[in-house]
Amino acid sequence: MKHGEPWPGIIGKYRKYLPVTEEMPVVTLLEGNTPLVCARRLARQVGLRAELYIKNDALNPTGSFKDRGMTLMVSKALEEHVPGVICPSLGNASASAAAYAARAGIRCIALAPEEVVIAGQMAQTLIYGARVCAVRGNYDDCAAMAQEIAVENRFVLVNSLNPYALHGQKTAAFEICDQLGQPPTYVALPVGDGGFMAALWQGFKEYGNNKNRAPRMLGFQGNGAAPFIAGHAIPDPQTLAAAIRIGRPANWQGVLDAVEESGGLLEKVTDDEIVAAYQLIARLEGLFLDPSGAAALAGLVKLAGQGFFKPGENVVLLATGHGLKDGYRAAIQEPSEVLYVDNAEEIQRVLENVH
Ligand SMILES: *Cc1c(COP(=O)(O)O)cnc(C)c1O
């Protein structure tokens, strides 16, 4: 890619870092190249003394970072002439799989827990034409079933057990290095299956000349869904952050290695802390994160309160998914903010009382 050429998507841009040949058909929605936004008001408000940046991966084509892995997994699936892809999901992975499968002209089957389907979180997956199965069980049950079906039917499993998922997702680390001019001191993100944490760490190690200065990886989980912190699987995981409600993560060792090798840490946050962070970043920075990204922010707020970060350091928070994915939650969070009026005078009175 030469200077001034249009963005080609992550495969076109980072081809030499990916296990692809020139012959592979590229299925892309021009994912990647997402903004890195400095969040000064937020950092000041929470007493975070380092510089804070938000890597807004919510602005990928289907609204989450999952598109980075999906472009590569679906391109490979097309190259291998398989009939389709299959995906266990809490909403975002299957939305991404369905979109890329639609573009490739192959089938997509999504397996989601029944409660996720009932909550309306498979709407985006359905609109792209995927077949959705509502599984009476949790995400971990969906993952086990998807794996079994994939093996028996030559469908490609497109979750983070597929090695190409991590190769695609690591490009977020490349972009962060390019945007900052060097790796940050810390990288903070929510951890569900652990794929993104493992992928980012891989990316920071591989890219350019980062050997001596890779960031420390900070991973955050929901209080009731924190297998990495408990040190064992959680049979009935619970957290408000639906995208990280995973009790039996697929990338166990990858996450532990990332945290240990980088000198990072894992921490958990409560639902109340997630809601507070979710509102704070929207109001102070105009960024509408999904609750999982907010969970990572809640973790940063907690660490900042303990004086963890120092002046001169910088922190990159991964906004992993878009708040509009679950806009309904935002609406029920703040019903009292809406004022019902009949005329301009009433609005005038409101203005006079707003500071
Ligand atoms: C998938 C997802 C996560 C968790 O990523 P893992 O690779 O499963 O750890 C976090 N946030 C959002 C919005 C997601 O879609």
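What you see is a predicted model, and the numbers here were worked out from it, not measured in a lab. Just so you know, ligand 1 is whichever comes first in the structure, and atom 1 is the first atom listed for that ligand.
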Problem - N251 vs Q253, side-chain hydrogen bond (donor to acceptor under 3.5 Å, both in side chains): CA-CA, chis, key distance, verdict - result: CA-CA 6 Å; N251 298 277; Q253 200 54 44; over 6 Å; no
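- For ligand 1, the polar-atom distance check finds no N/O of D290 at less than 3.5 Å from any of the ligand's N/O atoms.
- In this structure, M197 falls outside the shell of residues with a heavy atom less than 4.0 angstrom from ligand 1.
- For ligand 1, one of its N or O atoms has an N or O atom of D193 under 3.5 Å away.
- Close contacts between ligand 1 and G321 involve ligand atoms 13 (C) [criterion: under 4.0 Å to a heavy atom].
- Residue K66 places at least one N or O, backbone or side chain, under 3.5 Å from an N or O of ligand 1.
- Assignment of P190 to the shell around ligand 1 is supported, since a heavy atom sits closer than 4.0 Å.
- The NE2 atom of H322 sits 12.0 Å away from the CG atom of D57 when rounded to the nearest 0.5 Å.
- Checked against a 3.5 angstrom limit, the closest N/O atoms of F196 and ligand 1 fall inside it.
- Other residues, nucleotides and ligands contribute only 12 or fewer heavy atoms inside 6.0 Å of the CZ atom of R107.
- Of all atoms in ligand 1, listed by their number and element, those nearer than 4.0 Å to a heavy atom of F65 are 1 (C), 2 (C), 3 (C), 5 (O), 7 (O), 14 (C).
- Between the choices V255, I244, N92, the shortest heavy-atom distance to atom 13 (C) of ligand 1 belongs to N92.
- T34 and N56 share no donor-acceptor pair across their side chains, judged by distance under 3.5 Å alone.
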Exercise for the section: Verify salt bridge (charged side-chain N to carboxylate O under 4.0 Å, His left out) between E285 and R41, making sure each step is shown before the conclusion. Expected result: CA-CA 7 Å; E285 299 293 352; R41 275 162 52 80; 5.4 Å; no
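- Per-residue contacts place G195 under 4.0 angstrom from the following atoms of ligand 1 (heavy atoms of the residue considered): 6 (P), 7 (O), 9 (O).
- Note on ligand 1: A93 sits outside its first shell, no heavy atom being nearer than 4.0 Å.
- Each of N60, T62, N92 was checked for a side-chain hydrogen bond (donor to acceptor under 3.5 Å, both in side chains) with D67, and the lone residue meeting it is T62.
- With salt bridges taken as basic N to acidic carboxylate O contacts below 4.0 Å, one links E175 and R68.
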